[in-house]
Amino acid sequence: MKRPVSILAAVLAGALMASPALAQKTVLTVGMQSSDAGVLDPHLNSGTPGKAMLQWMFNGLVRIKPGELSPEFMEPDLAESWTSSADGKEWTFKLRQGVQCHHGYGEFTAEDAVYSLKRASSKDSSAFSSDYSAVQSIEAPDKYTVKIALKEPIPSLLGIVMNYHGGNMVCKKAAEELGKEGFAKKPVGTGPFMFQEYVPQQYAKLVANPNYFRGKPKLTEILYRFIPSDSSRDLAFQSGELDMMLGRQEQAWVDRMTALPGVKVVAMGPAEMSVLHLNMSQPPLDNIKVRQAIAYAIDRNAIWQFRGKNISRPAVSVVPSGYLGTDEKAPLLPFDLAKSKALLAEAGFPNGVTIKAINTTLPSMLSFTEAVQALLKRANITLEIQPVEHATFHQQIRQDLSQVVHFQAARFPVADVYLSQFFHSRAIVKTPTAVTNFSHCKVADAEIDAARSETDKVKQLALWKTAQEKIIADVCAIPVNEMMQLWAYKDSLDLGYKLKASLNLGPPVLETTRFTK
């Protein structure tokens with residue numbers, strides 16, 4: 001029997017709509033500028049490749065509104081609300097009820113939150129333990145309440161309980177059951193996406209969390225590919241293998257990608273500041289005249305032009321521009337080649353000096369160090385570079401193995417955090433309270449400590465300003481350049497918010513993120 005044409009057309013149309021080729025795309029493929037992510041424990045991973053991905057799996061008690069950077073945009077995450085005492089020493093967080101941990105590990109409660117924060121504050125289980133040095137106690141008076149008592153008020157309390165570094169909330173049962181090594185390979189959180197698979201130097205695979213408290217994600221899967229080669233990553237993106245990628249921190253890359261049809265390019269905050277940390281515990285850098293000579297040999301404007309005027313800016317102080325407490329007009333030593341050579345001669349090195357740096361193989365960071373190497377050579381300063389894979393770089397510089405450390409970083413945007421982590425004696429590498437003080441700087445300890453407990457905002461700003469002046473005068477480190485985070489993605493990808501910044505250095509992927517075609 002012959003079917004009417006109208007019925008046949010309807011059947012064909014239905015078949016075409018059901019065809020996989022025309023189905024709505026739900027798998028997001030991301031390209032990362034690294035050969036590996038390192039450990040997947042959020043309390044141990046401090047590198048860009050790990051932070052960008054881990055934020056999709058973990059929540060904090062609070063979070064900064066997706067796409068924003070300033071603490072003024074702080075909003076509830078696992079905590080529905082919070083209050084603090086008048087003196088800023090006691091904080092109370094009320095948790096959401098019914099939040100589920102990944103992979104059937106049960107409800108997330110105050111017990112998990114207390115466990116997470118205590119874990120983050122221990123040097124045995126966290127790379128960020130020093131952030132919690134002011135914490136006196138963390139308690140759960142009931143199933144959905146967390147109370148934090150401080151020894152003294154700190155300007156960045158919400159920054160250490162948000163979905164960033166140690167503030168990422170882990171599930172106690174999973175962490176204890178899997179153990180330190182197991183959890184580092186199979187992280188368990190409460191975020192919109194769950195860990196499924198990790199193949200080092202190839203990819204990590206995440207899948208949608210159907211029980212996410214904000215709603216089931218529209219994406220079903222995220223494939224996070226490790227592609228250290230810039231050219232290979234670019235080709236994969238242009239051929240359609242990638243939907244989103246971390247870009248090369250070069251103006252030419254931005255210009256080229258912007259010209260492609262159907263592509264969005266974002267230069268987002270926070271700007272990561274490239275700093276040369278000089279190990280003052282080792283000769284010849286124990287001589288302040290040698291450190292000054294290095295500082296005078298650095299032409300910030302030349303580096304600015306090299307890295308791209310539209311995607312970077314010269315550093316203004318030892319704290320990045322725009323942070324609460326940054327001295328935007330700090331007395332950095334200016335470029336002066338003649339002064340540099342004269343200081344070397346005065347230090348007893350009339351024929352020049354050689355210094356060594358272990359450096360990551362990440363192209364953008366390596367090219368920066370090579371540019372600095374060329375500038376220093378003009379002052380008869382030889383910088384020998386030993387390139388190592390990024391995860392190895394982080395391990396070795398924390399073992400105090402490099403005379404010069406080029407570290408490119410952004411932190412919670414309050415001066416206290418940057419000063420405490422990079423320039424306080426408590427943070428000196430290879431000490432019991434080590435963080436990222438690679439220079440062994442300790443000249444501004446008094447001001448940094450006093451500012452943490454100073455309740456008068458004007459006095460607090462003055463203390464931070466003095467601390468920056470002392471660190472600059474002692475040439476503990478040389479701030480050079482600030483780079484924006486460069487990402488490209490297909491315009492068919494709707495992130496679900498306006499991307500201006502992300503403290504985790506990668507675009508947040510939310511439950512609402514979806515492809516429009």
Side-chain angles (χ1 to χ4, degrees), residues 15-37 40 48-59 66-67 100 102-104 185-229 232-247 257 260-266 268 486-497 499 502 504-517:
L16 286 171
M17 289 180 68
S19 168
L22 297 180
Q24 187 76 37
K25 181 178 171 66
T26 61
V27 176
L28 172 67
T29 305
V30 182
M32 173 48 64
Q33 185 194 49
S34 175
S35 61
D36 208 273
L40 300 182
T48 301
K51 285 195 294 188
M53 177 178 68
L54 290 169
Q55 67 171 319
W56 307 331
M57 289 184 273
F58 290 91
N59 296 102
Q100 296 299 309
H102 296 163
H103 304 298
K185 297 176 181 177
K186 186 182 178 181
V188 176
T190 58
F193 295 91
M194 308 184 295
F195 173 83
Q196 185 179 67
E197 183 182 9
Y198 179 48
V199 180
Q201 300 185 5
Q202 293 188 45
Y203 65 85
K205 185 183 293 185
L206 313 182
V207 295
N209 174 10
N211 300 313
Y212 187 50
F213 63 86
R214 289 191 174 96
K216 182 180 178 180
K218 296 184 181 300
L219 296 175
T220 58
E221 183 180 302
I222 302 175
L223 184 64
Y224 194 73
R225 292 179 54 190
F226 304 111
I227 310 175
S229 166
S232 297
R233 208 167 53 259
D234 286 355
L235 287 172
F237 181 75
Q238 293 176 57
S239 69
E241 292 179 41
L242 302 177
D243 304 303
M244 178 190 288
M245 63 177 287
L246 178 65
M257 287 294 153
L260 295 175
V263 174
K264 289 186 178 180
V265 178
V266 178
M268 72 175 195
L486 302 178
W487 285 82
Y489 59 95
K490 302 297 176 63
D491 64 4
S492 59
L493 180 65
D494 178 4
L495 294 173
Y497 59 92
L499 178 59
S502 171
N504 285 296
L505 310 183
V509 179
L510 310 178
E511 72 285 355
T512 54
T513 300
R514 66 188 181 93
F515 286 97
T516 57
K517 57 184 178 181

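All figures in this text were calculated on a predicted structure; none of them were measured in a lab. In this chain, residues are counted from 1 in sequence order. Hydrogens, waters and symmetry mates play no part in the numbers below; they use all other heavy atoms, side chains included.
Rounding to the nearest 0.5 angstrom, the gap separating the NZ atom in Lys264 from the OG atom in Ser492 is 9.5 Å. Considering OH of Tyr203 and OH of Tyr224, their distance stands at 15.5 Å, rounded to 0.5 Å. For the atom pair Lys186 NZ and Gln196 CD, the distance stands at 10.5 Å (nearest 0.5 Å). Residue Met32 holds its CE atom at 11.0 Å from CG of Leu242, rounded to the nearest 0.5 Å.
Tyr497 places a side-chain N or O within 3.5 Å of a backbone atom of Pro508 that can act as its donor or acceptor partner. The closest donor-acceptor contact from the side chain of Arg225 to the backbone of Thr29 lies at 3.5 Å or more, if one exists at all. When atom types are taken as modelled, the side chain of Gln55 and the backbone of Ala52 share a donor-acceptor pair closer than 3.5 angstrom.
A donor atom on one side chain and an acceptor atom on the other are not found under 3.5 Å apart for Asp494 and Thr516.
Nearest heavy-atom pair, Glu511 versus Pro192, reported as atom, atom and distance to 0.1 Å: N-CB, 4.3 Å. In terms of heavy-atom proximity, Met53 sits nearest to Ala204 at SD-CB, 3.5 Å. Of all heavy-atom pairs between Ile222 and Val509, the closest is CD1-CG1, 3.9 Å. When every heavy atom of Lys218 is checked against every heavy atom of Thr512, the shortest pair comes out as CD-O, 3.9 Å. Taking both residues in full, the closest heavy atoms of Pro210 and Met194 are given as CD-CE, 4.1 Å, listed atom of the first, atom of the second, then distance. Across every non-hydrogen atom of Pro217 and Phe193, the tightest pair is CB-CZ, 3.8 Å.
With contacts defined as side-chain heavy-atom distances shorter than 4.5 Å, the pair Val263/Gln238 does not qualify. Looking only at side-chain heavy atoms (C-beta outward), Leu486 and Val265 stay at 4.5 Å or farther from each other. The side-chain heavy atoms of Phe195 and Met57, taken from C-beta on, include a pair separated by under 4.5 Å. In this structure, Ile227 and Glu241 have side chains that are not in contact, with every pair of non-hydrogen atoms separated by 4.5 Å or more. The side-chain heavy atoms of Leu495 and Leu510, taken from C-beta on, include no pair separated by under 4.5 Å. With contacts defined as side-chain heavy-atom distances shorter than 4.5 Å, the pair Val30/Trp487 qualifies. No side-chain heavy atom of Leu54 sits under 4.5 Å from any side-chain heavy atom of Lys51.
The side-chain hydrogen bond (donor to acceptor under 3.5 Å, both in side chains) with Thr190 is formed by just one residue from the set Asn211, Asn209, Asn59; it is Asn59.
For Lys25, the side-chain contact (heavy atoms from CB on, under 4.5 Å) partners two or more places apart in sequence, or in a different chain, are Asp243, Phe515.
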